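Data first, discussion second: the structure below is written as structure tokens.
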Amino acid sequence: MAVDLVEDAGFEAVEAADATEAVRILEARTDIRIMFTDIDMPRGIDGLMLAALVRRRWPPIEIIVTSGFRTFNDIDLPVRSEFFSKPYDRAKVTAAMKRMAH
């Protein structure tokens with residue numbers, strides 16, 4: 001569903017199965033500008049830890065974090081990150097991605 005949202009907004013989606021794969025992709029590619037991650041991820045690091053890592057290692061990358069189980073008041077986001085609880089409003093997420101891309 002997130003991949004469809006990203007592509008429907010006019011962006012190329014690069015999908016990662018977990019945080020380890022996401023880091024490998026970021027290490028290999030220099031064209032990633034926005035990361036969209038769920039807090040609840042399989043196998044190890046969750047989306048918040050991934051967001052903090054991305055902020056430290058790739059400061060220019062914008063970050064969107066989502067969760068169906070956590071609330072905005074329940075998390076500590078890195079700077080220049082936006083949070084959307086599930087089910088998220090597709091129009092609001094799309095607007096955030098377009099704002100981040102410019």
Side-chain angles (χ1 to χ4, degrees):
M1 189 164 116
V3 170
D4 290 340
L5 172 78
V6 169
E7 290 176 345
D8 289 347
F11 296 94
E12 175 190 353
V14 180
E15 192 171 4
D18 57 30
T20 302
E21 185 178 358
V23 169
R24 278 193 216 115
I25 291 168
L26 290 168
E27 288 173 339
R29 296 185 61 156
T30 59
D31 61 335
I32 306 292
R33 299 288 175 251
I34 302 169
M35 180 184 71
F36 187 110
T37 185
D38 195 307
I39 290 176
D40 304 299
M41 296 180 69
R43 297 183 288 273
I45 336 179
D46 71 17
L48 282 177
M49 290 186 276
L50 175 61
L53 174 68
V54 167
R55 179 56 63 236
R56 280 192 314 273
R57 289 189 61 188
W58 297 279
I61 294 178
E62 303 293 341
I63 301 168
I64 294 175
V65 177
T66 187
S67 177
F69 304 102
R70 308 276 290 275
T71 65
F72 179 76
N73 296 327
D74 189 31
I75 60 173
D76 186 22
L77 286 175
V79 295
R80 289 190 3 265
S81 300
E82 289 197 39
F83 176 80
F84 294 93
S85 60
K86 290 181 181 179
Y88 42 78
D89 181 320
R90 290 176 65 91
K92 288 181 181 178
V93 176
T94 297
M97 286 188 294
K98 290 186 177 193
R99 191 173 52 256
M100 290 174 164
H102 294 291

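The figures that follow rest on heavy atoms only: side chains count, while hydrogens, waters and symmetry mates do not. All residue numbers refer to positions in the sequence shown, counting from 1. Just so we're clear, the structure is a prediction, and the values are computed from it rather than from any experiment.
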Got a second to check how far Asp8's CG is from Arg90's CZ, nearest 0.5 Å?
-> 5.0 Å
Flag the pair Arg80 / Glu62 as yes when at least one side-chain heavy-atom distance between them is below 4.5 Å, and no otherwise.
-> yes
Around atom CD of Glu21, are there more than 12 heavy atoms of other residues, nucleotides or ligands at under 6.0 Å?
-> yes
Measure the spacing between CD1 of Ile64 and OG of Ser81 and express it to the nearest 0.5 Å.
-> 9.5 Å
Are Met1 and Leu5 grouped together when hydrophobic residues (ILVMFWY) are joined by side-chain heavy atoms under 4.5 angstrom apart?
-> yes
Linking I/L/V/M/F/W/Y whenever any side-chain heavy atoms sit under 4.5 Å apart, do Met100 and Tyr88 land together?
-> yes
Transitive ILVMFWY side-chain link Val6 to Ile34, under 4.5 Å = yes
Can you list every pair that meets side-chain hydrogen bond (donor to acceptor under 3.5 Å, both in side chains) and has a residue in residues 92-102, with sequence neighbours left out?
-> Glu82-Arg99
Going hydrophobic residue to hydrophobic residue with side-chain gaps under 4.5 angstrom, can you get from Val93 over to Met35?
-> no
Pairwise distance CG(Asp18) to CZ(Arg24) - rounded to 0.5 angstrom = 7.0 Å
Would you please test Ile61 and Leu26 for side-chain contact (heavy atoms from CB on, under 4.5 Å) and show each step?
-> CA-CA 10 Å; Ile61 294 178; Leu26 290 168; 3.5 Å; yes
Interatomic distance, Asp46 atom CG to Ile39 atom CD1 [nearest 0.5 angstrom] = 7.0 Å
Does the side chain of Leu50 reach to within under 4.5 Å of the side chain of Val23, using non-hydrogen atoms?
-> yes
Hits for side chain to side chain contact (heavy atoms under 4.5 Å, CB included) against Val14, two or more places apart or cross-chain, chain-then-number order -> Glu12, Ile25, Arg29, Ile32
Indicate, with yes or no, if the rings of Phe11 and Phe36 have centres closer together than 6.0 Å.
-> no
If Ile, Leu, Val, Met, Phe, Trp and Tyr residues are connected whenever their side-chain heavy atoms lie under 4.5 Å apart, and connections chain through other members, are Leu48 and Ile63 in the same group?
-> yes
Roughly how far, to the nearest 0.5 Å, is the CD atom of Glu27 from the CH2 atom of Trp58?
-> 5.0 Å
